[in-house]
**Student:** 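Before anything else, here's the structure in question.
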Amino acid sequence: MGGAPVAEVATDELQVWVDQDLCTGDGLCVQYAPEVFEFDIDGLAYVKGVDGELRMAPGSRVDVPAHLRLEVIDSAKECPGDCIHVVRGDGVEVAGPEAEDD
């Protein structure tokens, strides 16, 4: 039935990860969703789990809390480094550099 509008995306389970090789350290993601993104001492953004711990391994994914889905999607769309990837459980990227409708 066509592309998935944001309303449909919000009902899916989503995960997010940051490609630090492309991160510009701009900080929009931390402004949008500080519960999900945080800078490390290297000046790059990382995702963090519900325990508040940064996920430092390359490609580490965390679940996107339901109440922050739109903020995380917006952060991926607005990121100047195109380094934030938001993916559904089936692996389809819904926001970020590999999203079809971005």
Side-chain angles (χ1 to χ4, degrees):
M1 325 249 178
V6 173
E8 281 184 35
V9 169
T11 63
D12 293 332
E13 293 297 320
L14 300 176
Q15 290 191 320
V16 62
W17 64 281
V18 176
D19 182 346
Q20 282 78 28
D21 289 339
L22 299 176
C23 181
T24 61
D26 189 82
L28 284 176
C29 58
V30 176
Q31 292 175 22
Y32 274 105
E35 293 175 55
V36 176
F37 303 104
E38 186 174 312
F39 284 123
D40 193 30
I41 195 167
D42 61 7
L44 302 178
Y46 292 84
V47 292
K48 57 184 178 178
V50 293
D51 57 3
E53 292 294 318
L54 296 185
R55 301 301 191 247
M56 304 297 289
S60 292
R61 296 181 179 193
V62 297
D63 293 330
V64 177
H67 67 284
L68 292 174
R69 286 182 181 141
L70 293 179
E71 288 85 348
V72 170
I73 288 170
D74 285 345
S75 71
K77 290 181 177 181
E78 300 297 324
C79 176
D82 279 335
C83 66
I84 300 171
H85 300 262
V86 183
V87 295
R88 294 190 317 223
D90 62 3
V92 172
E93 187 156 314
V94 297
E98 297 173 14
E100 291 182 19
D101 296 323
D102 199 15

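For clarity, every value in this text was computed on a predicted model and none was experimentally measured.
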**Student:** What closest approach, in Å, do S60 and V47 show between heavy atoms, and which atom pair accounts for it?
**Tutor:**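 Shortest heavy-atom separation between S60 and V47 comes out as O-CG2, 3.5 Å.
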**Student:** Does anything in residues 15-24 pair up under side-chain hydrogen bond (donor to acceptor under 3.5 Å, both in side chains), and if so which pairs, sequence neighbours excluded?
**Tutor:**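 For residues 15-24: Q15-D63.
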**Student:** Taking R61 for its side chain and G59 for its backbone only, find out whether a donor-acceptor pair lies under 3.5 Å.
**Tutor:**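 No, R61 side chain to G59 backbone: no donor-acceptor pair under 3.5 Å.
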**Student:** Under 4.5 Å between side-chain heavy atoms, chaining through other members, with only Ile, Leu, Val, Met, Phe, Trp and Tyr counted: pull out the rest of the cluster around L28, sorted by chain and number.
**Tutor:** Y32
**Student:** Please go through L44's hydrophobic cluster and name the other residues, only I, L, V, M, F, W, Y counting, with side-chain heavy atoms under 4.5 Å joining them.
**Tutor:**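 Members alongside L44: Y46, L54, M56.
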**Student:** Check whether E93 reaches the backbone of V86 with its side chain - one donor and one acceptor, N or O, closer than 3.5 Å.
**Tutor:**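 Not confirmed, E93 side chain does not pair with V86 backbone.
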**Student:** If you apply the rule side-chain contact (heavy atoms from CB on, under 4.5 Å), what do you find for Q31 with E78, and how did you get there?
**Tutor:** CA-CA 11 Å; Q31 292 175 22; E78 300 297 324; over 6 Å; no
**Student:** Mind listing the closest non-hydrogen atom pair of A33 and E71 along with its distance?
**Tutor:**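 Closest approach of A33 to E71: CB-CB, 4.3 Å.
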**Student:** Write out all pairs satisfying ring pair (Phe, Tyr, Trp, His ring centres under 6.0 Å) with one or both partners inside residues 55-75, taking only residues at least two apart or from two chains.
**Tutor:** none
**Student:** Decide yes or no for E98 and H85: does some side-chain heavy atom of the first lie under 4.5 Å from some side-chain heavy atom of the second?
**Tutor:** yes
**Student:** Quick check: do V36 and V30 have side-chain heavy atoms less than 4.5 Å from each other?
**Tutor:** no
**Student:** CG/L68 to CG/L14 distance, rounded to the nearest 0.5 angstrom?
**Tutor:** 11.5 Å
**Student:** Can you pull out every salt bridge (Lys or Arg N to Asp or Glu O under 4.0 Å) where at least one residue sits in residues 24-40? Sequence neighbours excluded, please.
**Tutor:** E38-K48
**Student:** Could you state whether V16 and F39 fall into the same hydrophobic cluster, counting links through intermediate Ile, Leu, Val, Met, Phe, Trp or Tyr residues with side-chain heavy atoms under 4.5 angstrom apart?
**Tutor:**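 Yes, because V16 and F39 connect within a single hydrophobic cluster, where side-chain heavy atoms sit under 4.5 Å apart.
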**Student:** Using the side-chain contact (heavy atoms from CB on, under 4.5 Å) criterion, which residues pair with C29? Sequence neighbours excluded.
**Tutor:** F37, A45, S75, I84
